[in-house]
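Encoded as structure tokens, the structure appears first; notes follow it.
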Amino acid sequence: QVQLVESGGGSVQAGGSLRLSCAASGRTFSSYYMGWFRQAPGKEREFVAVISWSGASTYYADFVEGRFTISRDNAKNTVYLQMDNLKREDTAVYYCAASSESGVLPFEYEHWGQGTQVTVSS
């Protein structure tokens, strides 16, 4: 069982940066693929990025366009999402999630955090 707690959200102006963190409990953290998703008001939850258990492989949604970087520190049981050059359309609740077999769809992830709000203003 893995419990996930996100932090680092907040309000920022367009063009700014935020770093989200997701702390995991449980000894099996390093065996999970870790993903970030987001959900804007009135929209479905959408995939942002995923990182393999070792950190060697990453994959991003097209809209990221090189602005976000996902990373993990297995010694600290933490996954990060560095977000640079933020845009208004990045405003959403961001969730981290753990999957045994990676994926880009929410149903492929077994464990979820409670989410952290990111608000980007112009």
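Considering all non-hydrogen atoms of both residues, Phe63 and Val48 come closest at CZ-CG2, 4.0 Å. Closest approach of Ala24 and Leu4 over heavy atoms only: CB-CD2, 3.5 Å. For the pair Ser102 and Tyr109, the tightest heavy-atom approach, listed with the atom from each and the gap, is C-OH, 4.2 Å.
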Show every donor-acceptor pair shorter than 3.5 Å between a side-chain atom in residues 8-18 and any protein atom, with sequence neighbours excluded, or say none if there are none.
unit_1, atom_1, unit_2, atom_2, d
Ser17, OG, Asp84, OD1, 2.8

Could you give the side-chain donor-acceptor pairs of residues 29-41 under 3.5 Å, partners two or more places apart or in another chain?
unit_1, atom_1, unit_2, atom_2, d
Ser31, OG, Thr28, O, 2.6
Tyr32, OH, His111, NE2, 3.3
Trp36, NE1, Tyr80, O, 3.4
Arg38, NE, Glu46, OE2, 2.7
Arg38, NH1, Asp90, OD1, 2.8
Arg38, NH1, Tyr94, OH, 3.0
Arg38, NH2, Glu46, OE2, 3.2
Gln39, OE1, Arg45, NE, 3.3
Gln39, OE1, Arg45, NH2, 3.4
Gln39, NE2, Lys43, O, 3.1

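The number of heavy-atom neighbours closer than 6.0 Å to CD of Glu44, taken from other residues, nucleotides and ligands shown, is 12 or below. Within a 6.0 Å sphere centred on NZ of Lys76, heavy atoms belonging to other residues, nucleotides or ligands number 12 at most.
A side-chain donor-acceptor contact under 3.5 Å links Arg72 to the backbone of Ser52. Remark: side-chain polar atoms of Ser99 are paired, donor with acceptor, to backbone N or O of Glu108 under 3.5 angstrom.
Contact of the Pro106 side chain with the Trp112 side chain is registered, since non-hydrogen atoms from C-beta on lie closer than 4.5 Å. Side-chain contact between Phe47 and Tyr60: absent, with no pair of heavy atoms (C-beta onward) separated by less than 4.5 Å. Between Glu6 and Gln117, the closest side-chain pair of non-hydrogen atoms is not below 4.5 Å.
To the nearest 0.5 Å, atom CG of residue Leu86 and atom OG of residue Ser121 are 10.5 Å apart. Atom CD1 of Ile70 is separated from atom OG of Ser57 by 11.5 Å, given to the nearest 0.5 angstrom.
Following chains of ILVMFWY side-chain contacts shorter than 4.5 Å, one can reach Val118 starting from Leu81, so the two form part of one hydrophobic cluster. One hydrophobic cluster holds both Leu20 and Val64 under the rule that ILVMFWY side chains link at heavy-atom gaps under 4.5 Å. Following chains of ILVMFWY side-chain contacts shorter than 4.5 Å, one cannot reach Val93 starting from Val79, and the two form parts of different hydrophobic clusters.
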Assess whether side chain to side chain contact (heavy atoms under 4.5 Å, CB included) is satisfied between Thr58 and Val50, documenting all intermediate values. CA-CA 6 Å; Thr58 59; Val50 63; over 6 Å; no
